[in-house]
Amino acid sequence: MLLTIKITALFMILLLSSFIGYLISNKYSQRVKELEDIVSALDLLETRVKYTYDTICDSFEFVADNMATKAYRIFMIAAGNLKSSKNVSAGDVFRNTVDEEGPFLNITKEDSEIIKGLGNSLGQVDLEGQIKNIVLVRDLTKRQLNEATEMKNKNYKLSRNMGVFVGLVIMIILI
């Protein structure tokens with residue numbers, strides 16, 4: 001009976017450490033997906049600003065509706081906050097929203113600082129200035145995406161396998 005409990009406990013340790021390794025490796029792939037989604041959202045926002053002359057709220061809602069990851073929340077919440085608060089600039093609302101939603105996404109602090117840069121010109125400069133800022137933020141986000149892809153390629157399998165390895169080492173130590 002005692003041997004069965006010990007084997008079960010060792011097996012649970014192996015499963016738990018493998019699961020932790022999987023969670024860590026999953027963060028790398030989720031960061032890549034979210035940054036890809038943000039880059040395509042910025043492409044769409046540039047097109048909306050350039051050709052439709054919609055309000056920032058409408059453009060943000062349209063962009064949020066066409067996003068695949070939970071990064072859509074940045075644009076959706078910013079649009080809602082813009083509608084409800086008339087005395088605050090669009091840039092301030094966007095930067096605050098990125099600060100509030102950033103911890104719930106799989107992006108780094110540097111990624112969120114770059115994305116917050118989009119708020120620098122929203123509603124404060126002319127159309128060409130806004131488009132140039134969107135293009136700048138998109139290019140910087142693409143650079144972050146390339147870095148995230150390299151990190152994923154380097155660390156995804158390592159993190160997953162490390163979880164299994166650590167579980168096996170703990171099992172051997174406890175035997």
Could you pull out the closest heavy-atom pair between [X] and [Y], with the gap in Å?
X	Y	value
Ser18	Val164	OG-CG2, 3.4 Å
Gly117	Asn133	O-ND2, 3.1 Å
Ser25	Tyr156	O-CD1, 3.1 Å
Val93	Ser85	CG2-OG, 4.1 Å

Relative to the ring of Phe94, is the ring of Phe60 parallel (under 30°), tilted (30 to 60°) or perpendicular (over 60°)? tilted
Please examine the side chains of [Y] and [X], heavy atoms only from C-beta on, and report whether any two atoms are closer than 4.5 Å.
X	Y	result
Leu10	Leu14	no
Leu42	Ile38	yes
Glu36	Val39	no

Linking Ile, Leu, Val, Met, Phe, Trp and Tyr by side-chain heavy atoms under 4.5 Å, what else ends up with [X]?
X	answer
Leu3	Ile7
Phe104	none
Met151	Leu16, Ile20, Ile24, Tyr28

Donor-acceptor pair, distance only, cut-off 3.5 Å: does the side chain of [X] make one with the backbone of [Y]?
X	Y	value
Arg95	Gly119	yes
Asn96	Asp92	yes
Asp37	Met67	no
Thr69	Glu34	no

Single-linkage hydrophobic cluster, 4.5 Å side-chain cutoff, [X] and [Y] together:
X	Y	result
Phe165	Ile173	yes
Met12	Phe19	no
Val98	Val88	yes

Got a sec, which residues hit side chain to side chain donor-acceptor pair (under 3.5 Å) with Lys116, two or more places apart in sequence or on another chain? Asp99, Glu113
From [atom1] ([X]) to [atom2] ([Y]), nearest 0.5 Å:
X	Y	atom1	atom2	value
Thr108	Gln144	OG1	CD	5.5 Å
Ile115	Ile74	CD1	CD1	5.0 Å
Gln30	Asn26	CD	CG	5.0 Å
Thr149	Leu35	OG1	CG	8.0 Å
Thr47	Ile134	OG1	CD1	9.0 Å
Ser159	Lys154	OG	NZ	10.5 Å

Kindly state each residue pair satisfying side-chain hydrogen bond (donor to acceptor under 3.5 Å, both in side chains) with at least one member in residues 58-67, sequence neighbours excluded.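 For residues 58-67, and leaving out neighbouring residues, the side-chain hydrogen bond (donor to acceptor under 3.5 Å, both in side chains) pairs sorted by first residue read Thr55-Asp58, Glu61-Lys83.
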Taking salt bridge (Lys or Arg N to Asp or Glu O under 4.0 Å) as the cut-off, I'd like each qualifying pair that reaches into residues 5-33, sequence neighbours left out, listed once.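 Sorted pair list: Arg31-Asp111, Arg31-Glu147.
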